[in-house]
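First comes the structure, then the notes that go with it.
Letters A, B, ... are given to chains in the order of the sequence lines, protein chains preceding strands, and every chain is numbered from 1. Just so we're clear, the structure is a prediction, and the values are computed from it rather than from any experiment.
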2 protein chains.
Amino acid sequence: MYKTNDLNHRFVDMDASTTRTRILHVAERHYADRGFDGMSMRALTSEAGVNLAAVNYHFGSKKELLYSIFRERIVPMNAERLELLRKAAANSDGKPLALEVIFDAFLIPMARRATGSEGPDIHFLRMVGRSLAEEPDFWQRLYAEEFKGTVETFRQAIHRTMPELSEEELAVRFHFSIGAMLGLLVKHQQFLKEMEGRPGNRDIAALFQNLRDFLCAGFRAGLTNSGD
Amino acid sequence: MYKTNDLNHRFVDMDASTTRTRILHVAERHYADRGFDGMSMRALTSEAGVNLAAVNYHFGSKKELLYSIFRERIVPMNAERLELLRKAAANSDGKPLALEVIFDAFLIPMARRATGSEGPDIHFLRMVGRSLAEEPDFWQRLYAEEFKGTVETFRQAIHRTMPELSEEELAVRFHFSIGAMLGLLVKHQQFLKEMEGRPGNRDIAALFQNLRDFLCAGFRAGLTNSGD
DNA sequence: GTCTATAGTCCGATAGAC
DNA sequence: GTCTATCGGACTATAGAC
């Protein structure tokens, strides 16, 4: 068994002391800081305190290492999103959900992962943000595998809430929303630092609430008496 | 005279046949496609039909080449933005500008550069989008040099239009807007291709108008009777 | 100002001992 | 499963002829 990045290995060795997990955690930060071409397996393994050859032993290649990181982070986050949406729908008596509730279901699992300055999740959001600017081939395989279903479910939920919004308008506005989210993902640490100590200072949870309100208003642009 | 990337060389040799300009134009696309670490001076010079050593002769280094590209594109774009804002203010009898007018002044110079599938500007927008995810050191020097004044002028214009929005709220919403813009910058070609031939198909100018309306609505979130 | 040739460094991947 | 040692190739940058 040479390559071990198969499905059976998801979440089976999250003990932070294993070689495999040490690599995953350091790689996350290195990718967020430098991107795929900018990160070096030598620097990574050196900092993680593991041997250079361990990456190829455990993951097969640099690229497969990155795929593994994304899968192991994205799958539970999207599961959480769908579960929040499902619960909200279960409590709505079959009525369309308020736009705010839909966006909260999408944003809260993301915000939760950006809260607190410790923990391995802290670099994941910058990673996702960075990945959208990288080589389309690299990202699009991951997108097709892990994101498409979730995005489509949310798209349908919004459509039920705002049926007067054409399919194309909805797609465009969803696109803008993704951009605004990613801007926050990539820059949230830097942004919070800039606001630190200033009178209107706010934490990451407040920022995500601001984002939710901003996006909901954007979705309702040009429409009257709609969206709740 | 070894390094030639000084101010005197801005816009003096835009003749597409010179070695210096051929390098600039190809580098733009390569950076947009692969990022700083992913692009190679060998591949670039080979495709541009110039010698490998020409990059260091004309620009000094790979990094200085990138700085030159940004400066030579960003400076006229931001000048155009400020000019549009200035003209609008001159026609407003001293009254605050409508939010839509302010955003148009910011977005139209960008949209104009994304219109048409030919021309050297076509890759610039993807470049700007990509740069925000790159090494902060690299980007922040450029941001401080070339963007800060423009952003501050627009921030003040928005403040005059929406004085009830706190400084911090304005900063946060401006931040979200930048993210949404960049999302469109990075993905606009791919996005237009996806919508091609579908009933609600639209061109890049329409997309930027959609973006303007989306952002204006987002800025007005939670406020009543405001923003014009 | 353009070229060839190459210095010097770093890279991802792997063979093979243990 | 972890290690050393190294292969083969890519990179940026530059020296020096023309």
Side-chain angles (χ1 to χ4, degrees), chain A residues 1-6 8-9 12-31 33-70 134-135 137-138, chain B residues 1-6 8-9 12-31 33-70 134-135 137-138:
Chain A
M1 189 164 70
Y2 191 66
K3 298 195 176 185
T4 63
N5 59 322
D6 53 79
N8 297 328
H9 279 73
V12 297
D13 56 359
M14 290 307 270
D15 175 0
S17 64
T18 67
T19 295
R20 186 186 142 88
T21 311
R22 292 161 69 88
I23 293 171
L24 280 172
H25 290 172
V26 176
E28 216 159 39
R29 191 177 71 261
H30 281 224
Y31 178 78
D33 287 339
R34 308 272 281 121
F36 185 84
D37 291 305
M39 70 189 286
S40 145
M41 305 317 272
R42 288 181 144 80
L44 192 169
T45 51
S46 163
E47 187 181 319
V50 304
N51 191 270
L52 170 61
V55 171
N56 278 294
Y57 177 78
H58 285 283
F59 299 95
S61 72
K62 181 180 182 179
K63 201 170 243 180
E64 292 297 328
L65 165 62
L66 267 299
Y67 283 132
S68 297
I69 298 174
F70 273 98
E134 298 255 356
E135 200 76 1
D137 292 351
F138 180 86
Chain B
M1 187 165 69
Y2 191 67
K3 297 195 177 186
T4 63
N5 58 321
D6 54 78
N8 296 330
H9 278 74
V12 296
D13 57 357
M14 291 308 271
D15 175 358
S17 64
T18 67
T19 296
R20 185 187 141 89
T21 311
R22 293 161 69 88
I23 293 172
L24 280 172
H25 289 173
V26 176
E28 218 159 38
R29 191 176 73 260
H30 281 223
Y31 178 79
D33 286 341
R34 309 269 283 119
F36 184 83
D37 292 304
M39 71 189 286
S40 145
M41 297 296 103
R42 288 178 138 80
L44 192 168
T45 51
S46 163
E47 187 180 319
V50 304
N51 191 269
L52 170 61
V55 172
N56 278 294
Y57 177 78
H58 285 282
F59 299 95
S61 71
K62 180 180 182 179
K63 200 170 244 182
E64 292 297 330
L65 165 61
L66 267 297
Y67 283 132
S68 298
I69 298 175
F70 274 97
E134 297 256 357
E135 201 76 0
D137 292 351
F138 180 86

Using a cut-off of under 3.5 Å, enumerate the N/O to N/O pairs linking the protein to nucleotides 7-11 of chain C.
| from | atom 1 | to | atom 2 | distance (Å) |
| --- | --- | --- | --- | --- |
| dC11(C) | OP1 | Ser40(A) | OG | 2.9 |

(message) Can you list everything that forms a side chain to side chain donor-acceptor pair (under 3.5 Å) with Asp33(A)? Sequence neighbours excluded, please.
(response)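 Partners of Asp33(A) under the side chain to side chain donor-acceptor pair (under 3.5 Å) test: Arg126(A).
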Interatomic distance where [atom1] belongs to [X] and [atom2] belongs to [N] [whole Å]:
{"X": "Tyr57(B)", "N": "dA17(D)", "atom1": "OH", "atom2": "P", "answer": "17 Å"}
{"X": "Leu44(A)", "N": "dA13(C)", "atom1": "CG", "atom2": "P", "answer": "12 Å"}
{"X": "His58(A)", "N": "dA13(C)", "atom1": "NE2", "atom2": "C1'", "answer": "16 Å"}
{"X": "Arg20(B)", "N": "dT2(C)", "atom1": "CZ", "atom2": "P", "answer": "12 Å"}
{"X": "Ile23(B)", "N": "dG1(C)", "atom1": "CD1", "atom2": "C1'", "answer": "11 Å"}
{"X": "Phe59(B)", "N": "dA13(D)", "atom1": "CZ", "atom2": "P", "answer": "13 Å"}
{"X": "Leu52(B)", "N": "dC11(D)", "atom1": "CG", "atom2": "P", "answer": "10 Å"}
{"X": "Glu64(A)", "N": "dA13(C)", "atom1": "CD", "atom2": "P", "answer": "10 Å"}

(message) Run the side chain to side chain contact (heavy atoms under 4.5 Å, CB included) test on Arg20(A) and Ile23(A) for me, step by step, so that the C-alpha distance in whole Å, both residues' side-chain angles and the decisive distance to 0.1 Å come before the verdict.
(response) CA-CA 5 Å; Arg20(A) 186 186 142 88; Ile23(A) 293 171; 5.9 Å; no
(request) Looking only at non-hydrogen atoms, find the nearest pair between Ser61(A) and Asn56(A) and report the distance. (result) CA-OD1, 3.5 Å
(request) Any chance you could measure Met39(A), atom CE, to Leu65(A), atom CG, to the nearest 0.5 Å? (result) 6.0 Å
(message) Distance check, rounded to the nearest 0.5 Å: Ile69(B) atom CD1 versus His30(B) atom NE2?
(response) 10.5 Å
(request) Look at the side chain of Asn51(B) and decide which nucleotide, out of dC3(C), dC3(D), dT2(D), has an atom nearest to it. (result)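 The answer is dC3(C).
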(message) Strictly distance-based, threshold 3.5 Å: is any side-chain N or O of Lys63(B) a donor or acceptor partner for the main-chain N or O of Phe36(B)?
(response)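 Not confirmed, Lys63(B) side chain does not pair with Phe36(B) backbone.
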